[in-house]
Trainee: 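Pasting in a structure now, in structure tokens, and then I'll have a few things to ask.
We're numbering straight along the sequence, starting at 1. Below, each value reflects all heavy atoms present in this structure, side chains not excepted, and no hydrogens, waters or symmetry copies.
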Amino acid sequence: MLSGKELAGRIDRLKELVERLDLDICVLFGRSAIRYFTGARTNVATSSVLAMDRSGSLVYVVPILDFRLMQGECWIAKRGEILPFPEDTPDYLVVLRRRLGNQDKVRRVGVDAQAATVAQLEMLRSLYPSLEVSAVDRDLLLLRAVKTPAEVDCLRCAARVADVAMQEALQLAKPGVTEREIAARAISVMLREGAEGPSFEPFVMSGSNSWLPRRYATTREIVPGELVIFDMGARYEGYCSDITRTFWLGELRGRARELFALADRAQQAALQAVRPGARLADVDGAARRVIREAGYGDFFPHLTGHGVGLDIHENPIVDQGAEGVLEPGMVLTIEPGVYVPEVGGARIEDMVLVTETGAEFLTHTPRMVPTGGDNW
């Protein structure tokens, strides 16, 4: 669990952000942003709001059913005010006006616009008719891009749980077992190992599902000799992990073997490029070059990697044309893949921590080797 000192430091940075952007109030609706500053976990079916004014006053608005728990467990109670609202009440933001200034004082409001709904933005405008809304999403993500040692510890735990779940779920794989059965085993193991749950819906994509690709598990049964992509991750203390392995049953032949080997080489090339100061576009280019030179450039349709934290996808983004460089403390995935119709799909993904000298693997599940004989 993150310390109050660490969380207080985040609030101090939020206040600096409010001052730098010349905001009267910053109002956050996004689940990950709120957890970043409060450390509080809430049910995914509920909503909450965190607001700070120019003076640094904090208001955390929570469903009334969570109110007593947050008063007793959330550190915000020592720094600001926690207020309840009845769930499913349309005007619950009225409490902000009573605590954070009247209509004459509030003009410029910062909002995590990608998380806010149209209804929430309209509610804010009804409270403050002269409102000027400024999106702060990019600024918040930049705050979260470099992880602290405490965050890295949480990410290590999330990666460890994902490794255990991946390896145990793969043991279930045999002819006749469905994609859903393998995904379900992974979820069960994650919960057993202390995760809050999966960091996203795990998916197993076999045969034609791997090259379409179909990013959810189906009732399709695993068949020997075909490529199977398994992508999953665990959430631990709010922090996500993300790992992909491509496997098969029995013997893998022809172009399918070639695709797996190509995905492996592309990932290794990108991993070797990960170091402090490396340009994001260059890391992407290292993987893309391997795939393009093998003649499969048109079959690599996605990014090479992405940051991981409280969100499964956050800064840095490793893709073509991406700006910026890697810094020590960043945690990201490296996951190039190839998807060829009527042949199959192959992707290998690992989480790595950017260190002072290079990169450290956080995921460790062994990858398969296309020997031509029984492999799993």
Trainee: Can you find a pair of side-chain heavy atoms, one from Asp264 and one from Gln268, that are under 4.5 Å apart?
Mentor: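 They are in side-chain contact.
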Trainee: Output every pair passing ring pair (Phe, Tyr, Trp, His ring centres under 6.0 Å) with a member in residues 10-54, not counting sequence neighbours, ordered by first then second residue.
Mentor: none
Trainee: Is Arg292 salt-bridged to Asp298, cutoff N-O under 4.0 Å?
Mentor: no
Trainee: Test of understanding: with salt bridge (Lys or Arg N to Asp or Glu O under 4.0 Å), list the residues that count as partners of Glu179, not counting sequence neighbours.
Mentor: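 Result, salt bridge (Lys or Arg N to Asp or Glu O under 4.0 Å) vs Glu179: none returned.
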Trainee: Between the side chains of Ser210 and Arg347, is a donor N or O closer than 3.5 angstrom to an acceptor N or O?
Mentor: no
Trainee: Got a sec, which residues hit salt bridge (Lys or Arg N to Asp or Glu O under 4.0 Å) with Asp66, two or more places apart in sequence or on another chain?
Mentor: none
Trainee: With sequence neighbours left out, what residues match Asp137 under salt bridge (Lys or Arg N to Asp or Glu O under 4.0 Å)?
Mentor: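 Counting only residues at least two positions away or on another chain, Asp137 forms no salt bridge (Lys or Arg N to Asp or Glu O under 4.0 Å).
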Trainee: Okay, side chain of Glu151, backbone of Thr148: is any donor-acceptor separation there less than 3.5 Å?
Mentor: yes
Trainee: What distance do Leu14 atom CG and Leu140 atom CG have between them, rounded to the nearest 0.5 Å?
Mentor: 7.0 Å
Trainee: Does this structure show an ion pair linking Glu122 with Arg125, if we count only N-O contacts that are shorter than 4.0 Å?
Mentor: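 So Glu122 pairs with Arg125 through a salt bridge.
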Trainee: Donor-acceptor pair, Ser241 side chain versus Ala158 backbone, under 3.5 Å?
Mentor: yes
Trainee: Is Arg245 salt-bridged to Asp231, cutoff N-O under 4.0 Å?
Mentor: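 Not counted as a salt bridge, because no side-chain N and carboxylate O are separated by less than 4.0 Å.
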Trainee: When you compare the side chain of Val27 with that of Val49, does any pair of heavy atoms fall below 4.5 Å?
Mentor: yes
Trainee: Scan for salt bridge (charged side-chain N to carboxylate O under 4.0 Å, His left out) pairs involving residues 351-362, sequence neighbours excluded, and state none if there are none.
Mentor: Arg156-Glu360
Trainee: Is it possible for you to say whether Leu280 and Val290 belong to one hydrophobic cluster, with membership spreading through side-chain heavy-atom contacts below 4.5 Å?
Mentor: no
Trainee: For Val228 and Thr246, run side chain to side chain contact (heavy atoms under 4.5 Å, CB included): C-alpha distance rounded to whole Å, both residues' side-chain angles, the deciding distance at 0.1 Å, then the answer.
Mentor: CA-CA 5 Å; Val228 187; Thr246 297; over 6 Å; no
Trainee: Check Val318 against Leu303 and note the closest heavy-atom contact, atom names and distance.
Mentor: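 Of all heavy-atom pairs spanning Val318 and Leu303, the closest is O-CB, 3.4 Å.
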Trainee: Could you pull out all residues at least two apart from His313 that satisfy ring pair (Phe, Tyr, Trp, His ring centres under 6.0 Å)?
Mentor: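 His313 satisfies ring pair (Phe, Tyr, Trp, His ring centres under 6.0 Å) with His306 only.
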Trainee: Name all pairs fulfilling the ring pair (Phe, Tyr, Trp, His ring centres under 6.0 Å) condition that reach into residues 140-175, sequence neighbours left out, sorted by first residue then second.
Mentor: none
Trainee: Salt bridge check, Arg289 against Glu293: does any charged N sit closer than 4.0 Å to a carboxylate O?
Mentor: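 No, Glu293 and Arg289 are not salt-bridged.
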Trainee: On a heavy-atom basis, which atom in Pro202 and which in Met232 lie closest, and how many Å separate them?
Mentor: CB-CB, 3.8 Å
Trainee: For Leu212, does the CG atom sit with more than 12 other heavy atoms under 6.0 Å from it, leaving out its own atoms?
Mentor: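 Above 12, so yes.
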Trainee: Check for a donor-acceptor pair, side chain of Thr355 on one end and backbone N or O of Thr357 on the other, with a separation under 3.5 Å.
Mentor: yes
Trainee: Looking only at non-hydrogen atoms, find the nearest pair between Val136 and Gly110 and report the distance.
Mentor: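 Val136 and Gly110 have their closest heavy atoms at CG1-CA, 3.8 Å.
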Trainee: Between Ala270 and Ile334, what is the shortest heavy-atom contact and its length?
Mentor: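 For Ala270 versus Ile334, the nearest heavy atoms are CB-CG2, 3.6 Å.
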Trainee: CD1/Ile82 to CE/Met70 distance, rounded to the nearest 0.5 angstrom?
Mentor: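 It comes to 7.5 Å.
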Trainee: Counting distance only, does the side-chain N/O of Gln167 pair as donor-acceptor with the main-chain N or O of Val164 below 3.5 Å?
Mentor: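 Checking the backbone N and O of Val164 against the side chain of Gln167, no donor-acceptor pair under 3.5 Å is found.
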Trainee: Using the rule that Ile, Leu, Val, Met, Phe, Trp and Tyr join whenever any side-chain heavy atoms are under 4.5 Å apart, tell me whether Val111 and Ile25 fall into a single cluster.
Mentor: yes
Trainee: Distance from Arg138 atom CZ to Asn315 atom CG, nearest 0.5 Å?
Mentor: 8.0 Å
Trainee: Apply the test side chain to side chain donor-acceptor pair (under 3.5 Å) to residues Thr219 and Arg180: give CA-CA distance (whole Å), side-chain angles for both, the deciding distance (0.1 Å), then the verdict.
Mentor: CA-CA 6 Å; Thr219 56; Arg180 284 184 183 172; 5.4 Å; no
Trainee: Does a side-chain N-to-carboxylate-O contact under 4.0 Å join Asp24 and Arg108?
Mentor: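 Between Arg108 and Asp24 there is no salt bridge, as every charged N stays at least 4.0 Å from the carboxylate O atoms.
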Trainee: Is the terminal nitrogen or CZ of Arg288 (NZ for Lys, CZ for Arg) located under 6.0 angstrom from the six-membered ring centre of Phe300 and within 45° of that ring's axis?
Mentor: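 Relative to the ring axis of Phe300, which defines the angle, Arg288 lies inside both limits.
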Trainee: Decide salt bridge (Lys or Arg N to Asp or Glu O under 4.0 Å) for Arg35 and Glu196; before the verdict, give the C-alpha distance in whole Å, the side-chain angles of both, and the deciding distance to 0.1 Å.
Mentor: CA-CA 14 Å; Arg35 188 159 188 179; Glu196 295 174 2; 2.7 Å; yes
Trainee: Strictly below 4.0 Å, N to O, side chains only: are Arg185 and Glu168 in salt-bridge contact?
Mentor: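 Result for this pair is no, no salt bridge flagged.
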Trainee: May I have all residue pairs that pass ring pair (Phe, Tyr, Trp, His ring centres under 6.0 Å) and include part of residues 337-358, sequence neighbours excluded?
Mentor: His302-Tyr339
Trainee: Do any pairs count as a ring pair (Phe, Tyr, Trp, His ring centres under 6.0 Å) and have a residue in residues 200-244, sequence neighbours left out, and if so which ones?
Mentor: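 Found none.
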Trainee: To the closest 0.5 Å, what do you measure between CG (Leu155) and CZ (Arg160)?
Mentor: 13.5 Å
Trainee: I'd like to know if the side chain of Asp163 reaches the main chain of His364, judged simply by a donor and an acceptor atom lying under 3.5 Å from each other, with no hydrogens or angles considered.
Mentor: yes
Trainee: Grab the two heavy atoms, one from Ala281 and one from Gly321, that are nearest each other, plus how far apart they are.
Mentor: CB-N, 4.2 Å
Trainee: Kindly write out the residues that satisfy ring pair (Phe, Tyr, Trp, His ring centres under 6.0 Å) with Phe85, not counting sequence neighbours, or none if the list is empty.
Mentor: Tyr92
Trainee: Please determine whether a side-chain nitrogen of the Lys or Arg among Glu19 and Arg54 lies less than 4.0 Å from a carboxylate oxygen of the Asp or Glu.
Mentor: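 Salt bridge between Glu19 and Arg54, a charged N being under 4.0 Å from a carboxylate O: no.
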Trainee: So how far is it from Asp112 CG to Cys26 SG, rounded to the nearest 0.5 Å?
Mentor: 7.5 Å
Trainee: Indicate yes or no: does Arg31 engage Asp311 in a salt bridge with an N to O separation below 4.0 Å.
Mentor: no
Trainee: Contact between Arg255 and Glu258 at the side-chain level, heavy atoms closer than 4.5 Å - yes or no?
Mentor: yes
Trainee: The criterion is side-chain contact (heavy atoms from CB on, under 4.5 Å); which residues satisfy it with Glu181, sequence neighbours excluded?
Mentor: Leu172, Val177, Thr178
Trainee: Whether Glu327 and Arg275 form a salt bridge (side-chain N of Lys/Arg under 4.0 Å from carboxylate O of Asp/Glu) is what I want to check.
Mentor: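 Between Glu327 and Arg275 there is no salt bridge, as every charged N stays at least 4.0 Å from the carboxylate O atoms.
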Trainee: For a 4.5 angstrom cut-off between non-hydrogen side-chain atoms, does Val274 reach Val354?
Mentor: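 Yes, close enough: below the 4.5 Å cut-off.
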Trainee: Applying a strict under-4.5 Å side-chain criterion to I, L, V, M, F, W and Y, I'd like to know whether Ile291 and Leu271 cluster together.
Mentor: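 Each belongs to a different hydrophobic cluster.
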Trainee: Among all residues two or more places apart in sequence or in another chain, which pass the salt bridge (Lys or Arg N to Asp or Glu O under 4.0 Å) test with Arg215?
Mentor: none
Trainee: Say you draw a straight line from CD of Glu226 to CE of Met205; how long is it, rounded to the nearest 0.5 Å?
Mentor: 12.0 Å
Trainee: Taking the side chain as every heavy atom from C-beta outward, state whether Leu252 and Leu227 have any atom pair closer than 4.5 Å.
Mentor: yes
Trainee: Where do Gly238 and Leu310 come nearest, in terms of heavy atoms and distance?
Mentor: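 Of all heavy-atom pairs spanning Gly238 and Leu310, the closest is O-CD2, 3.3 Å.
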Trainee: Please determine, by modelled atom types, if Gln267 and Arg367 share a side-chain donor-acceptor pair under 3.5 angstrom.
Mentor: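 The answer is yes; a qualifying pair exists.
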Trainee: Tell me yes or no: between the side chains of Asp350 and Thr363, is some donor less than 3.5 Å from an acceptor?
Mentor: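 Asp350 vs Thr363: donor-acceptor pair found between side chains.
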Trainee: Hey, does Met351 have a side-chain heavy atom less than 4.5 Å from the side chain of Leu332?
Mentor: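 Answer no - side chains too far apart.
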